[in-house]
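Worksheet: the structure to be examined is printed underneath.
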Amino acid sequence: MNIQKLIIEAIKEAVQKNIDAKIFPQAQIPDIVLEVPPQKDYGDFATNFAMQSARVFHMAPRKIAEELIKQIESEYLVKAEIAGPGFINFYLKAEVVHNQLKDVIDKGLSYGNLPAKEHARIQVEYVSANPTGPLHVGHGRGAAFGSALVNLLRAAGYDVQSEYYINDAGNQVDNLAASVNARYLELLGKDTEFPENGYHGHDIIDTAQRIIDKENDKYLSMDNDERLAIFKELALKEKLAALKEDLAAFNVHFDKWFSERTLHPAAVEDACAVLMKNGAMYEKDGAKWLKSTEYGDDKDRVVIRDNGVPTYLAADIAYHKNKYERGFDKLINIWGADHHGYICRVKASMKALGFDADKLDVLLLQMVSLYRNGELVKMSKRTGQSVTLSELIEEVGSDAARYFFIMRSLDSQLDFDLDLAKSESSENPVYYVQYAHARICSIFRQAKEAGITVDENTDYSLLTDEAEQALMKKILSYTDEINSAARDYAPHRIANYAHDLAADFHSFYNKCRIIGVDMPLAQARLGLAAAAKNTINHALNILGVNSPEKM
RNA sequence: GCGCCAAUAGCUCAGUUGGAUAGAGCAACGGCCUUCUAAGCCGUGUGUCGCAGGUUCGACUCCUGCUUGGCGCACCA
């Protein structure tokens, strides 16, 4: 049981005593929340309980706080004080803080991994870009955010499965095949027309060229349809391999790659049958429609076209049905903001199938704009002129790219400054954090030489300097940060936390020497540095960013 | 027309179920390396939190209306 919970228990007991003594009336007691106050003068923890309960108790907040303080008993507290409009500030005994620090050091790199939570099986589906071309920077944001979210949720004690949905059926892969086919014929000097919805990217030409390099004009004499079928499989295989390679280079790994093809036709037919049976689907003009308007959608949506071919929605309904049937407690989808109109119909279809639509959370990521030399880098999907993820990684590195994508909240549009991301200087926040880690590693190398070690007898009560105190507090607040960031699906708060922690370390470093001071103090400071190092390392692991030992 | 997101310091952005004096980085200026990495530290200042109402003991945060910018409104994915 952590210290916050113990204090909350002490507050609860004090409330009960006041109720028993008829000082507080019997009432529905609000949740007791402890927060870290904005200033160190306000103690280690504070609660706004007196203000929250003012209404139900029909008492003035400060009066409630006063009575509460009289009854609070805790072996961990030096004192509790009323402040401002009715806050109660708690001041921990120094010894309690030092014991916590000792625990952190003992835990090593596992500090930050919270105990497993109940009913916590979460599935996170992200990226899921069509396997028809290279990933671009927008996918990069989804990939960085998604993988960081998965790491964060795991640290917070959830059982997470990550998944990539491969759109390997339908029009877009036919267009892929047709595009490769056209390039193939073109390269062999044949007259051909490029398909209207074809993919113009250079990677398509590369694919065609590779086919020629390998097997020359072997497919030329073939019937067009037959050749298209072969090219479809060839291109798909190649594109998928490229996707996996790009993602691996970006430190993004999936537990499961789910093929859309496995849903056709049985799972789609089955889902439609259930919708039909539940009266959520009807036939009109030869097509099958989902009655999504009954669930707040603007209009009903076609699921099976009049020619009998299922729409994208059909596969998505079957896919989400499949996810629900796998028994997760929570399903998270990460989509581009341009798909927001889609949420309603997917949720509608899940309700119509009898599932709890609230289990599904769709997170939308806003657009990314690249800036180079202060100017917007223009992108165009139509002509295939866009910066790919692998080009971005090539230019700024995986660490900087990941950090920049993650450090902003998902629902803000992101201005990505390429020059800043690749500058190897203090301007660059990712280096700032990594530098703190490298510095500590350097200290450890030298502390080893100097024979300074941390052990059971290290006396942390010697850490009384302001900089030491601030660093200690920041480290000890990490688990709360993990919990609240996980609760809010907000890995960017871990990026901000890591930056703040690095700042506290750098201040400490400049003020408090480790090597060259009295041995007991040197040991205590080295212990604190160890805790800082592990915490930075853990936070950077969540972000998927490396923790270098030297820079 | 409808829907989603955003609007906070000169710039890019944080601000955790509504709480104490709204914070970082960049940019500007001044200090700190014969001692653990100067990719660092210390100091100086800046805000009608887009506008107008409302709810509340208390609003950057919640509600309503508006303004501006982005995205989307297919039998495409």
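Per chain, numbering begins at 1; letters A, B, ... match sequence-line order. Values below: every heavy atom of this structure, side chains too, minus hydrogens, waters and symmetry copies.
- No hydrogens or angles were tested; on distance alone, nothing pairs the side chain of A:D41 with the base of B:A20 as donor and acceptor under 3.5 Å.
- Here, B:A38 and B:G31 have their C1' atoms 13 Å apart, quoted to the whole Å.
- B:G50 sits 31 Å from B:C41 when the P atoms are compared, rounded to a whole Å.
- Checked against B:C71, B:U37, B:U16, the side chain of A:D338 finds its nearest nucleotide in B:C71.
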Go through it in stages, so that I can follow the logic: the residues are A:N167 and A:Q172, the test is side chain to side chain donor-acceptor pair (under 3.5 Å), and I'd like the CA-CA distance, side-chain angles, deciding distance and then a yes or no. CA-CA 8 Å; A:N167 295 116; A:Q172 69 283 356; 5.1 Å; no

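- Of the candidate nucleotides B:U37, B:C71, B:C75, B:C75 has the atom lying nearest to any side-chain atom of A:T311.
- Residue pairs meeting the side-chain hydrogen bond (donor to acceptor under 3.5 Å, both in side chains) criterion with at least one member in residues 497-512 of chain A, sequence neighbours excluded, are A:R439-A:H506, A:D465-A:K511.
- Counting any heavy atom pair closer than 4.0 Å across all strands shown, A:N307 reaches no nucleic acid atom.
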What string of B, S and - do you get for nucleotides 54-64 of chain B 5' to 3' if you count protein non-hydrogen atoms under 4.0 Å? --SB-------

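- Atom-to-atom, CG of A:D174 to P of B:A77 comes out at 11 Å; the value is rounded to the nearest Å.
- Set against B:A74, B:A77, B:G15, the side chain of A:H492 has B:G15 as its closest nucleotide.
- Atom CG in A:L275 sits 5.5 Å away from atom CD1 in A:I317 (nearest 0.5 Å).
- Using a 4.0 Å heavy-atom criterion, one finds that A:A46 contacts the bases of the nucleic acid, with or without backbone contacts as well.
- Smallest separation of non-hydrogen atoms from A:P61 and A:A50: O-CB, 3.3 Å.
- Residue contacts shown for A:Q434 are absent, as no nucleic acid heavy atom lies under 4.0 Å away.
- Separating the C1' atom of B:U56 from that of B:U12 is a span of 34 Å, rounded to the nearest Å.
- Taking the six-membered ring for Trp and the full ring otherwise, the centers of A:Y165 and A:Y319 sit less than 6.0 Å from each other.
- Summarising the local packing, CD of A:E466 is surrounded by 12 or fewer heavy atoms from other residues, nucleotides or ligands at distances under 6.0 Å.
- For A:Y199 and A:F194, the gap between ring centers reaches or exceeds 6.0 Å.
- Heavy-atom contacts from other residues, nucleotides or ligands closer than 6.0 Å to CD of A:E81 number more than 12.
- B:C60 and B:A6 are spaced 14 Å apart, taking the C1' atom of each and rounding to whole Å.
- In B:C66 the base sits anti relative to the sugar, since the glycosidic angle is further than 90° from 0.
- The residue among A:D306 and A:A502 whose nearest nucleotide of RNA chain B is located toward the 5' end is A:A502.
- Rounded to whole Å, the C1' atom of B:C4 lies 29 Å from the corresponding atom of B:G47.
- Within the nucleic acid shown, A:M367 comes within 4.0 Å of sugar-phosphate atoms alone, with no base atom in reach, counting heavy atoms only.
- Using a 4.0 Å heavy-atom distance criterion, A:N130 is classed as a sugar-phosphate-only contact.
- Both stacking criteria are satisfied for A:Y42 over the base of B:A20: a centre-to-centre distance under 5.5 angstrom and an angle between ring planes under 30 degrees.
- Here B:G40 is the nucleotide among B:G40, B:G70, B:U37 with the atom lying nearest to any side-chain atom of A:Y432.
- With C1' as the reference atom, B:U46 and B:U21 are 16 Å apart, rounded to whole Å.
- Residue contacts shown for A:Q413 include a base, since a base heavy atom lies under 4.0 Å away.
- A donor-acceptor contact shorter than 3.5 Å is absent between the side chain of A:S442 and the backbone of A:A438.
- Using a 4.0 Å heavy-atom criterion, one finds that A:N89 contacts the bases of the nucleic acid, with or without backbone contacts as well.
- In terms of heavy-atom proximity, A:I64 sits nearest to A:S53 at CD1-OG, 3.7 Å.
- Comparing B:A74, B:C75, B:A14 by their nearest atom to the side chain of A:V302 picks out B:C75.
- The nucleotide whose nearest atom lies closest to any side-chain atom of A:S412 is, among B:A38, B:A77, B:A14, B:A14.
- The interatomic distance linking A:I536 (CD1) with B:U37 (C1') rounds to 14 Å, in whole Å.
- Using a 4.5 Å heavy-atom cutoff, the side chains of A:S292 and A:S349 are not in contact.
- For A:F57 and A:F24, the ring centers sit closer than 6.0 Å to each other.
- Taking each heavy atom of A:I11 and A:I32 in turn, the nearest pair found is CG2-CD1, 3.7 Å.
- Other residues, nucleotides and ligands contribute more than 12 heavy atoms inside 6.0 Å of the CD atom of A:Q39.
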Please produce a list of atom pairs where a protein N or O lies less than 3.5 Å from an N or O of nucleotides 1-4 of chain B.
| residue | atom | partner | partner atom | Å |
| --- | --- | --- | --- | --- |
| B:G3 | N2 | A:H340 | ND1 | 3.1 |
| B:G3 | N2 | A:H340 | NE2 | 2.8 |
| B:G3 | N3 | A:H340 | NE2 | 3.1 |

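- Residue A:G336 comes nearest to A:L364 through the heavy atom pair O-CD2, 3.7 Å, listed as atom of the first residue, atom of the second, then distance.
- A donor N or O paired with an acceptor N or O is found under 3.5 Å between the base of B:U16 and the side-chain atoms of A:S484.
- In this structure, the ring of A:F405 has its center less than 6.0 angstrom from the ring center of A:F416.
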Secondary-structure string, 5' to 3', Watson-Crick or G-U under 3.5 Å, | for another-strand partners, for RNA chain B: (((((((..((((.....[...)))).(((((.......))))).....(((((..]....))))))))))))....

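- Counting non-hydrogen atoms of neighbouring residues, nucleotides and ligands closer than 6.0 angstrom, the CG atom of A:D518 reaches no more than 12 such neighbours.
- Interface residues of residues 509-534 of chain A facing RNA chain B, ordered by number: A:Y509, A:N510, A:C512, A:R513, A:I514, A:I515; criterion, heavy-atom separation under 4.0 Å.
- Side-chain proximity of A:H506 to B:A14, B:C41, B:U16: nearest is B:C41.
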Can you give me the N/O atom pairs linking the protein to nucleotides 22-24 of chain B at distances under 3.5 Å, or say none if there are none?
none

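- Sequence order on RNA chain B of the closest nucleotides to A:E35 and A:R345 puts A:E35 first from the 5' end.
- In this structure, the nucleotide among B:G69, B:C42, B:U37 sitting nearest to the side chain of A:S507 is B:C42.
- A distance of about 24 Å separates the C1' atoms of B:A52 and B:G70, rounded to the whole Å.
- Among B:A20, B:C36, B:C41, the nucleotide with an atom closest to any side-chain atom of A:S442 is B:C36.
- Residue A:E549 is classed as a base contact, given a heavy-atom separation below 4.0 Å to a base.
- Judged by a 6.0 Å distance limit and a 45° cone about the ring axis, A:K117 is positioned over the six-membered ring of A:Y158.
- Remark: side-chain polar atoms of A:R525 are paired, donor with acceptor, to backbone N or O of A:R513 under 3.5 angstrom.
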Before giving the answer on side chain to side chain donor-acceptor pair (under 3.5 Å), spell out for A:D361 and A:Y489 the whole-Å C-alpha distance, their side-chain angles and the decisive distance to 0.1 Å. CA-CA 10 Å; A:D361 283 325; A:Y489 304 154; 2.9 Å; yes

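- Separating the P atom of B:A77 from that of B:G25 is a span of 48 Å, rounded to the nearest Å.
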